[in-house]
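Right, one structure below, let's go through it.
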Amino acid sequence: MNTSTQKIFLEGMRDGTPIGLGYFAVSFSLGIFAKRVGFNAFQGFLASILNLASAGEYALFECAQGNAGLIETAFVIFVVNARYMLMGCALSQKFNRDTPFFHRFLVGFPLSDEIFGIAIARENYTPAYSYGAASIAAPLWAIGTAAGVLAGNLLPDFVVNALSMSLYGMFLAIIVPPAKKDKTLAVAILASFAASFAFSVLPLLQLLSSGMKTIILTVAISAILAAVKPVYEETK
């Protein structure tokens with residue numbers, strides 16, 4: 001690693017540290033949920049290090065809780081994490097043309113919303129920056145999940161149940177601020193809540209597994225919203 005690459009890697013570590021600390025707190029709540037589903041600390045760590053996405057990992061644990069099959073689980077996670085393909089395509093535009101394929105491939109593995117955000121905003125981007133950020137953020141995400149599982153094993157049940165609610169608080173913290181700024185997004189969120197409730201009480205629909213409900217709702221709501229309220233690219 002030459003001096004320039006090392007400097008960029010360290011800058012990535014610097015910028016990835018606050019992200020990693022935030023990840024630890026969020027994944028701790030996921031670990032509590034994972035424990036309730038039946039995961040041990042190692043399984044929680046492995047799930048997180050291989051799936052650096054809160055929504056995707058939550059979907060994984062929900063599928064495990066609902067005894068979903070492997071193919072169904074894989075498809076649910078694919079649908080929930082599909083946005084990362086778009087992020088990867090956008091980030092690939094910043095690569096130097098001489099960047100080897102294996103770097104383009106590896107950078108996509110730890111790509112998350114936050115790492116994508118700091119990477120896409122960086123001038124003269126190189127893969128070393130993402131590697132540096134991920135070297136801090138990814139381990140803290142996985143360690144946080146394992147710590148949550150361990151805490152769930154040690155704490156009384158009523159405390160575990162209380163901490164489990166923090167996961168829902170995390171999702172509210174994610175969706176409320178942007179919903180206040182965008183009425184279309186607010187309507188979409190309310191519609192998704194209503195549809196999810198309907199799927200849980202209506203005959204036949206309530207018999208579907210949690211994974212299948214997630215697939216149907218995600219695809220249907222996003223498709224309807226794209227047709228009714230498309231987002232057009234601004235032309236200069």
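Quick caveat: nothing in here was measured; it's all calculated off a predicted structure. Scope of the values below: all heavy atoms of this structure, side chains included, with no hydrogens, waters or symmetry mates. Position 1 is the first residue of the sequence; numbering continues from there.
Judged purely by atom type and a 3.5 angstrom limit, Ser27 uses its side chain to pair as donor or acceptor with the backbone of Trp141. Side-chain N or O atoms of Lys94 include one that pairs as donor or acceptor with a backbone N or O of Arg122 at under 3.5 Å. Under the 3.5 Å distance criterion, the side-chain polar atoms of Thr73 are matched with a main-chain donor or acceptor of Gly69.
Side-chain atoms of Arg104 and Leu91, non-hydrogen and from C-beta on, never get closer than 4.5 Å to each other. In this structure, Met87 and Tyr84 have side chains that are in contact, with non-hydrogen atoms separated by less than 4.5 Å. A heavy-atom distance below 4.5 Å is found between the side chains of Ile19 and Ile118.
Note: Tyr129 and Tyr125 have perpendicular aromatic rings, judged against thresholds of 30 and 60 degrees for the angle between ring planes. A tilted orientation is assigned to the rings of His103 and Tyr131, their planes being inclined by 30° to 60°.
The local environment of CG in Asn96 is crowded, with over 12 non-hydrogen atoms from other residues, nucleotides or ligands closer than 6.0 Å.
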Quiz prompt | Derivation and outcome, side chain to side chain contact (heavy atoms under 4.5 Å, CB included), residues Ser130 and Leu111 | solution = CA-CA 8 Å; Ser130 288; Leu111 190 64; 5.8 Å; no
Quiz item: Would Phe28 and Thr145 satisfy side chain to side chain contact (heavy atoms under 4.5 Å, CB included), going step by step from the backbone distance to the final call?
Solution: CA-CA 5 Å; Phe28 186 88; Thr145 305; over 6 Å; no
Exercise. Might you work through the side chain to side chain contact (heavy atoms under 4.5 Å, CB included) test for Val26 and Tyr23, ending with a clear yes or no?
Key: CA-CA 5 Å; Val26 172; Tyr23 280 179; 5.7 Å; no
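Using a 4.5 Å cut-off between side-chain heavy atoms of Ile, Leu, Val, Met, Phe, Trp and Tyr, Val187 forms no hydrophobic cluster with any other residue.
Atom OH of Tyr58 and atom SG of Cys63 lie 11.0 Å apart (nearest 0.5 Å).
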